[in-house]
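To start, the structure under review is shown below, and the notes come after it.
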Amino acid sequence: MTDHVRIGVLGAARIAPSAVVRPARSSTVAEVVAVAARSAAKAKAFADKHGIARVHDSYEDLLADPAVDAVYNPLPNGLHGKWTLAALEAGKHVLCEKPFTANADEAATVAEAADASGLVVMEAFHYRYHPLAIRVAEIARSGVLGPLRHVEASVCFPLPMFSDIRYDYSLAGGAMMDAGCYAVHMARLLGGEEPEVRSAKALLRGPSIDRAMRASLRFPSGHTGSVHASLWSSTALKLSMKAIGENGTLSVFNPLGPHLAHRLSLKLKDKKSTETFGRRTTYAYQLDAFTDAVLHGKPFPTTADDAVKNMTVIDSIYRAAGLPLRRPTP
């Protein structure tokens with residue numbers, strides 16, 4: 001590996017084409033070269049559909065492939081930690097889908113291994129690499145809003161397919177894990193500090209599975225926060241983030257997919273401005289950041305250490321809601 005990154009995909013997940021396969025086609029430094037899935041037939045069908053050269057019979061075989069420099073890990077939440085650790089042991093860089101692991105303790109174990117390996121381990125919060133999110137971070141840190149009073153983030157979308165793995169506790173599912181990890185990450189981005197969880201309330205799909213979650217936060221500097229996540233509730237669709245300061249308000253509509261409809265609004269006393277951005281996908285920007293980190297050692301924000309902080313807040317929300325923490329899948 002000198003001038004490009006050869007990527008292997010662990011699992012024929014629905015997100016994989018959007019997240020890495022299509023962005024790699026337009027990249028001059030990334031190539032998806034291999035795939036493995038739960039069955040060879042499923043992997044071959046995925047490879048044939050997306051023009052991937054090699055199919056491996058198992059995840060272990062893919063990790064042993066010397067022609068693979070990095071892996072994309074879109075497996076179910078409860079398997080993220082296990083196979084990220086296995087990839088690091090095999091000497092592979094990792095782009096791991098969110099949430100990073102099943103809980104904060106597992107995230108800390110993976111972060112320790114990542115630090116020791118010297119390899120790139122990136123949590124795939126794709127929104128964070130788009131110019132929209134970069135601009136949000138710039139405004140939030142500039143002080144233009146004045147002292148912060150409140151930040152909020154909502155990631156709500158309808159998923160009425162209750163057999164989906166996101167409703168499976170044994171695979172570390174739940175609304176807070178799937179949608180809420182974004183909302184927590186956005187609140188942390190806007191809040192600028194690590195919050196404590198003051199309260200949380202869940203709507204349940206089953207005894208341990210949240211189909212929706214609301215939580216109240218408080219930051220060390222005194223400003224408050226709220227997060228709202230839903231896979232199935234009366235809030236069918238809401239994708240937004242907001243920071244309210246003494247001098248004004250920053251509002252973002254659809255921070256997750258700004259290649260579709262999106263808007264950043266900044267209201268400062270008697271002045272209001274609106275910004276939009278280009279249609280290049282968040283995933284393309286994320287792949288750029290990943291390959292820059294692998295090839296050139298460029299720093300990036302969604303590190304393993306950052307993932308530990310995000311998972312710590314998620315665990316605290318589950319505790320506050322009276323629900324058990326998610327566990328790694330054996």
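Computed from a predicted model, the values in this text were never measured in an experiment.
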What is the distance from atom CG of Leu204 to atom NZ of Lys201, rounded to the nearest 0.5 Å?
10.5 Å

For a quick test of reading the model, state the closest non-hydrogen atom pair linking Ile209 to Gly173 and the distance between them.
CD1-O, 3.4 Å

Is the shortest side-chain heavy-atom distance between Pro207 and Tyr169 below 4.5 Å?
no

Is the shortest side-chain heavy-atom distance between Pro328 and Asn103 below 4.5 Å?
yes

Between His80 and Pro99, is there a donor-acceptor pair closer than 3.5 Å when you use the side chain of the first and the backbone of the second?
yes

With sequence neighbours left out, which residue pairs that include part of residues 89-112 fulfil the salt bridge (charged side-chain N to carboxylate O under 4.0 Å, His left out) condition?
Lys98-Asp178

When hydrophobic residues are tied together by side-chain contacts of less than 4.5 Å, even through go-betweens, does Ile15 share a cluster with Tyr129?
yes

Could you walk me through whether Arg128 and Phe300 pass side chain to side chain contact (heavy atoms under 4.5 Å, CB included), step by step?
CA-CA 10 Å; Arg128 185 62 181 84; Phe300 56 94; over 6 Å; no

Residue list, side chain to side chain donor-acceptor pair (under 3.5 Å) with Asp164, at least two apart or on another chain
Arg14, Arg166

State, with a plain yes or no, whether a side-chain heavy atom of Met186 is found less than 4.5 Å away from one of Leu256.
yes

What residues form a side chain to side chain contact (heavy atoms under 4.5 Å, CB included) with Ser221, not counting sequence neighbours?
Glu193, His223

Applying ring pair (Phe, Tyr, Trp, His ring centres under 6.0 Å) to Tyr283 and not counting sequence neighbours gives His126

Would you indicate whether Trp83, at its atom CH2, is surrounded by more than 12 heavy atoms from other residues, nucleotides or ligands within a distance under 6.0 Å?
yes

Residues that Tyr72 engages under ring pair (Phe, Tyr, Trp, His ring centres under 6.0 Å), provided they are two or more places apart
none

Rounding to 0.5 Å, atoms CG (Leu10) and CG (Leu63) come to a distance of 5.5 Å

Is a donor on one side and an acceptor on the other found under 3.5 Å between the side chain of Asp69 and the backbone of Arg6?
yes

Check the pair Val5, His93 against side chain to side chain contact (heavy atoms under 4.5 Å, CB included), reporting the backbone distance first and the verdict last.
CA-CA 10 Å; Val5 181; His93 304 278; 5.8 Å; no

Within this structure, what is the CZ-CG distance for the pair Arg205 and Asp168, rounded to the nearest 0.5 Å?
12.0 Å

dist Leu266:CG -> Lys271:NZ (nearest 0.5 Å) comes out at 8.0 Å

Parallel, tilted or perpendicular, judged at 30° and 60°: which one describes the rings of Phe162 and Tyr167?
perpendicular

Find out whether Ile317 and Leu323 are in side-chain contact, i.e. whether some heavy atom of one side chain is under 4.5 Å from a heavy atom of the other.
no

Please check: side-chain N/O of Ser265 versus main-chain N/O of Ser251, any donor-acceptor pairing under 3.5 Å?
no

Are the side chains of Val71 and Thr84 in touch, meaning some heavy atoms are under 4.5 Å apart?
no

According to a hydrophobic-cluster definition based on side-chain heavy atoms being under 4.5 Å apart (Ile, Leu, Val, Met, Phe, Trp, Tyr only), do Ile165 and Met176 belong together?
no

Give a yes or no answer on whether the side chain of His130 reaches the backbone of Leu132 with a donor-acceptor pair at less than 3.5 Å.
yes

Pairs touching residues 19-32 that satisfy salt bridge (charged side-chain N to carboxylate O under 4.0 Å, His left out), sequence neighbours left out:
none

Is Ile7 reachable from Leu88 through a run of I, L, V, M, F, W or Y residues, each pair having side-chain heavy atoms under 4.5 Å apart?
no

Is there a side-chain contact between Leu75 and Tyr59 in this structure, where contact means two heavy atoms from C-beta onward sitting under 4.5 Å apart?
yes

Pairs satisfying salt bridge (charged side-chain N to carboxylate O under 4.0 Å, His left out), at least one member in residues 305-319, at least two apart:
Arg188-Asp306

What heavy-atom pair brings Asn73 and Leu79 nearest, and what distance separates the two atoms?
ND2-O, 4.3 Å

Given Arg280 and Asp288, is the side chain to side chain contact (heavy atoms under 4.5 Å, CB included) satisfied, shown in steps?
CA-CA 12 Å; Arg280 189 171 186 251; Asp288 287 350; 2.9 Å; yes

Taking only residues two or more places apart in sequence, or in another chain, which ones meet Arg141 in a side chain to side chain contact (heavy atoms under 4.5 Å, CB included)?
Leu189

Heavy-atom pair with the smallest gap, counting every atom of Ala187 and Leu217:
CB-CD1, 4.1 Å

Can you name the closest pair of heavy atoms from Leu171 and Thr329 and give their distance?
CA-OG1, 3.5 Å

For Pro23, is there any backbone N or O sitting under 3.5 Å from a side-chain donor or acceptor partner on Ser27?
no

Are Ile52 and Val68 grouped together when hydrophobic residues (ILVMFWY) are joined by side-chain heavy atoms under 4.5 angstrom apart?
no

Euclidean distance, Phe253 CZ relative to Met241 CE, rounded to 0.5 Å:
14.0 Å

Hey, is the main chain of Ala172 close enough, under 3.5 Å, to the side chain of Asn77 for a donor-acceptor pair?
yes

Just so I know, are the side chains of Val33 and Asp65 near enough to count as touching, which here means a heavy-atom distance under 4.5 Å?
no

ILVMFWY clustering at 4.5 Å (side-chain atoms), partners of Ile244:
none

Checking His185 now: which residues fulfil ring pair (Phe, Tyr, Trp, His ring centres under 6.0 Å) with it, not counting sequence neighbours?
Phe125, Tyr127

Val29 and Asp3, any side-chain heavy atoms less than 4.5 Å apart
no

Please round to the nearest 0.5 Å and tell me the distance separating atom CD of Glu196 and atom CZ of Arg198.
7.5 Å

Determine, step by step, whether Phe157 and Leu231 satisfy the side chain to side chain contact (heavy atoms under 4.5 Å, CB included) criterion, reporting the C-alpha distance in whole Å, the side-chain angles of both residues, the deciding distance to 0.1 Å, and the verdict.
CA-CA 5 Å; Phe157 54 87; Leu231 300 179; 3.5 Å; yes

Taking Thr276 for its side chain and Arg263 for its backbone only, find out whether a donor-acceptor pair lies under 3.5 Å.
no

Any idea which heavy atoms bring Gly146 and Asn247 closest together, and the distance?
CA-ND2, 3.4 Å

Just grab all the salt bridge (charged side-chain N to carboxylate O under 4.0 Å, His left out) pairs involving residues 210-228, residues at least two apart or on different chains.
Asp210-Arg326

Using the test ring pair (Phe, Tyr, Trp, His ring centres under 6.0 Å), find all partners of His50 that sit at least two apart in sequence or belong to another chain.
Phe46

If only side-chain N and O atoms count, and only distance matters, is there a donor-acceptor pair under 3.5 Å linking Thr224 with His150?
yes

What is the minimum heavy-atom distance between Ser316 and Val197, and which atoms define it?
CB-CG2, 3.6 Å

Same cluster for Val94 and Val120 if Ile/Leu/Val/Met/Phe/Trp/Tyr side chains link at under 4.5 Å?
no

Does any N or O in the side chain of His262 come within less than 3.5 Å of the main-chain N or O of Phe277, such that one atom is a donor and the other an acceptor?
yes

